[in-house]
Amino acid sequence: MDTNLSAKKPASVMPELAKLDATAQAELVRKGELTALELVEAGISRIEQVNPQVNAVVATFYDRAREAAKGKLPQGPFTGVPNLVKDLDNLKGTRATSGSRFLAENISAETDPIIAAKENAGFIMVGKSNTPEFGLLGTTESLLLGACNNPWNLAHSPGGSSGGAAAAVASGMVPVAHATDGGGSIRIPASCCGVFGLKPSRGRIELGERQLPGDIGFQHCVSRSVRDSATLLAATERTGAAAVLPPIGRVEGPGRKRLRIAFGTMDYKGREPAPDVKAAIEDVAKLCAGLGHEIVPVKNPIAGEAFENAFLAAWASGPAELVALTKQMGLDPQAVLEPWTLGLAALFNAKPADTLEKSLAHFAKVTAETTTFMKDYDVWLTPVLAAAPPKTGEQAPTVPFDTLYERVFNYVTYTPLHNVVGTPAMSVPLSWNAAGLPIGAQFAASPGQEKVLLELAFELEQARPWADKYAPVFAG
């Protein structure tokens, strides 16, 4: 790209900006080639261009963003770069629906710590990204916000629950978008949309008071480049007295150490993924071996049925609380909550009173087992998902509960373990199937070892670049 943009700004540089990552866009501002306002205006133009096809951005606050861009911005690594807040989180004075009719008119009174940290890194928030109701599905098609479409094929899901974030990045609206992960919600859409997604270790990033049972919720981002994710992690990780883990700082490139990588394609119930996914992950294992890493075939060490039941109980406890809250407020849960949410609540309420307590005890058992397993390996390679992105509607919240339950828990079987254990895990966009749909590879490491993952990601990004792969629906 021609980096001397001063003579071409602003409209004519928009297509070129869409292909730049956030680090490169911020560099243009630092060099004085573009202003923060011009970056924001270009981002707004890209959103307006492709969002009608994708529905990744569900609320906009352009005037707020423009005013911020005109003012004194924090001098961080991403100063002036437009970003999106997932519509599960709060940005003071903006709408926060959590994808639910229950909160359709909700306005955030405060800004969440992670969003404030991203703004302190220089990002300018221009809108909210699409999410399923309360982030409860691995697809993004809520009754309130409507289906988000995958830029690689608009008839398919972008994954979830950070589907809007990943679709916005994959279609070039923004180079990076805020994302959250309670059971795979960063890695799933990253896989579906062909972008990079890292879920950090438990305790790495300050999350504030809101947390899921078992502390299974995490926050970070999805991005087109590894360096954007690595730089943002360094800018937002806890340091000093607040640090729960030793800070890793900024990881800037591949590591020299050759890794011992556990590898298996079976899920925790002994099931193999779809043939295209299995072939893709086996190919990634060969790629790693070709780079000098040791690949060790393994079986998933976790007893799947017991884990799934424990995870489901923790996952469904939130919907049960929501149903109780709506009734306390005199509302009809059927009118403000989706069938999937209501079904999860009913499932949880039918269980014994000590179910959640027993589930959390099982989490501790699984954590110990996984910790023991990981002692023999630097990294663990598996699929992200059991299949390529499904068609929109196949996992919609209105599908009959028993049918949807089976589809969800046959599809999302590789990611939730790392939420329970607190291990860092990433989806790396290394494969596409014959239909042109992305298939991510999941790499996990022991808690606190994000540096190992990021150094490997940098190496894989160089070995099999994806920066020049653009979805059919792409801004510019």
Side-chain angles (χ1 to χ4, degrees), residues 138 159-162 166 179 181-201 216 218 220-223 226 229 259-269 271-274 276-288 293 295-302 304 307 311 370 373-374 377-389 410-433 437-447 449-450 452-457 459-461 464 466:
S161 64
S162 305
D181 194 314
S185 293
I186 287 174
R187 293 155 287 156
I188 292 167
S191 176
C192 290
C193 291
V195 297
F196 181 74
L198 169 72
K199 179 197 79 64
S201 300
I216 61 174
F218 300 79
H220 188 37
C221 70
V222 287
S223 61
V226 175
S229 184
L259 305 174
R260 183 173 164 86
I261 300 177
F263 166 65
T265 55
M266 283 187 181
D267 69 6
Y268 50 52
K269 285 189 173 181
R271 300 170 299 194
E272 290 284 8
D276 56 348
V277 173
K278 182 175 174 63
I281 306 306
E282 288 175 341
D283 179 62
V284 170
K286 291 178 183 177
L287 172 65
C288 291
H293 301 291
I295 302 298
V296 183
V298 298
K299 289 186 177 180
N300 194 306
I302 302 305
F307 173 79
F311 186 84
T370 306
F373 169 77
M374 289 297 295
Y377 310 102
D378 299 299
V379 172
W380 184 10
L381 167 62
T382 69
V384 177
L385 294 160
N410 285 337
Y411 178 58
V412 182
T413 61
Y414 299 93
T415 55
L417 176 65
H418 300 297
N419 295 79
V420 168
V421 180
T423 39
M426 63 184 182
S427 176
V428 186
L430 297 170
S431 309
W432 276 255
N433 68 10
L437 292 170
I439 296 173
Q442 178 172 248
F443 295 87
S446 295
Q449 297 302 307
E450 286 93 332
V452 172
L453 292 182
L454 288 167
E455 287 180 342
L456 176 59
E459 184 178 12
L460 293 169
E461 186 180 37
R464 187 176 290 179
W466 58 81

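Computed from a prediction, not measured in an experiment: that's the story for all the values here. Start at 1 with the first residue, then count along the sequence.
Distance check: H418 NE2 to Q442 CD gives 4.0 Å after rounding to the nearest 0.5 Å. Going from atom NZ of K199 over to atom OG of S162 covers 12.5 Å, rounded to the nearest 0.5 Å. Rounding to the nearest 0.5 angstrom, the gap separating the NZ atom in K269 from the OG1 atom in T413 is 9.0 Å. Residue L259 holds its CG atom at 7.5 Å from CD of E459, rounded to the nearest 0.5 Å. Taking CG from L456 and CD1 from I261, the interatomic distance works out to 5.5 Å, rounded to the nearest 0.5 Å. Taking OG1 of T265 as the reference point, atom CG of L381 lies at 9.5 Å (rounded to 0.5 Å).
Between the side chain of T415 and the backbone N or O of G183 there is at least one donor-acceptor pair closer than 3.5 Å. Judged by distance alone, with hydrogens and angles left aside, the side-chain atoms of E272 form no donor-acceptor pair with the main-chain N or O of K278 at under 3.5 Å.
Closest heavy-atom contact between V277 and A388: CG2-N, 3.8 Å. L453 and M426 make their closest contact through O-CE, 3.1 Å (heavy atoms, listed as atom of the first residue, atom of the second, distance). Across P438 and C193, no two heavy atoms sit closer than the pair CG-C, 3.8 Å. Here the closest non-hydrogen pair linking Y268 and V412 is OH-O, 4.1 Å. Between R464 and V284, the shortest heavy-atom distance links the atoms NH1-CG2, 4.5 Å. Taking both residues in full, the closest heavy atoms of P447 and T423 are given as CD-CG2, 3.7 Å, listed atom of the first, atom of the second, then distance.
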Worked verdict on F263 versus C288 for side chain to side chain contact (heavy atoms under 4.5 Å, CB included): CA-CA 11 Å; F263 166 65; C288 291; over 6 Å; no
Determine, stepwise, if the pair L385 / Y414 fulfils side chain to side chain contact (heavy atoms under 4.5 Å, CB included). CA-CA 6 Å; L385 294 160; Y414 299 93; 5.7 Å; no
Begin from the C-alpha positions of D181 and N419 and carry the test side-chain hydrogen bond (donor to acceptor under 3.5 Å, both in side chains) through to its verdict. CA-CA 8 Å; D181 194 314; N419 295 79; 2.9 Å; yes
Going through the checks in order, is the side-chain hydrogen bond (donor to acceptor under 3.5 Å, both in side chains) test met by Q449 and S201? CA-CA 8 Å; Q449 297 302 307; S201 300; over 6 Å; no
Stepwise, does the side chain to side chain contact (heavy atoms under 4.5 Å, CB included) test hold for L198 with I186? CA-CA 7 Å; L198 169 72; I186 287 174; 5.8 Å; no
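Looking at F311 and I216, their side chains come closer than 4.5 Å, going by heavy atoms from C-beta outward. At least one side-chain heavy atom of S191 sits less than 4.5 Å from a side-chain heavy atom of S427.
A parallel orientation is assigned to the rings of W466 and F196, their planes being inclined by less than 30° (bins at 30° and 60°).
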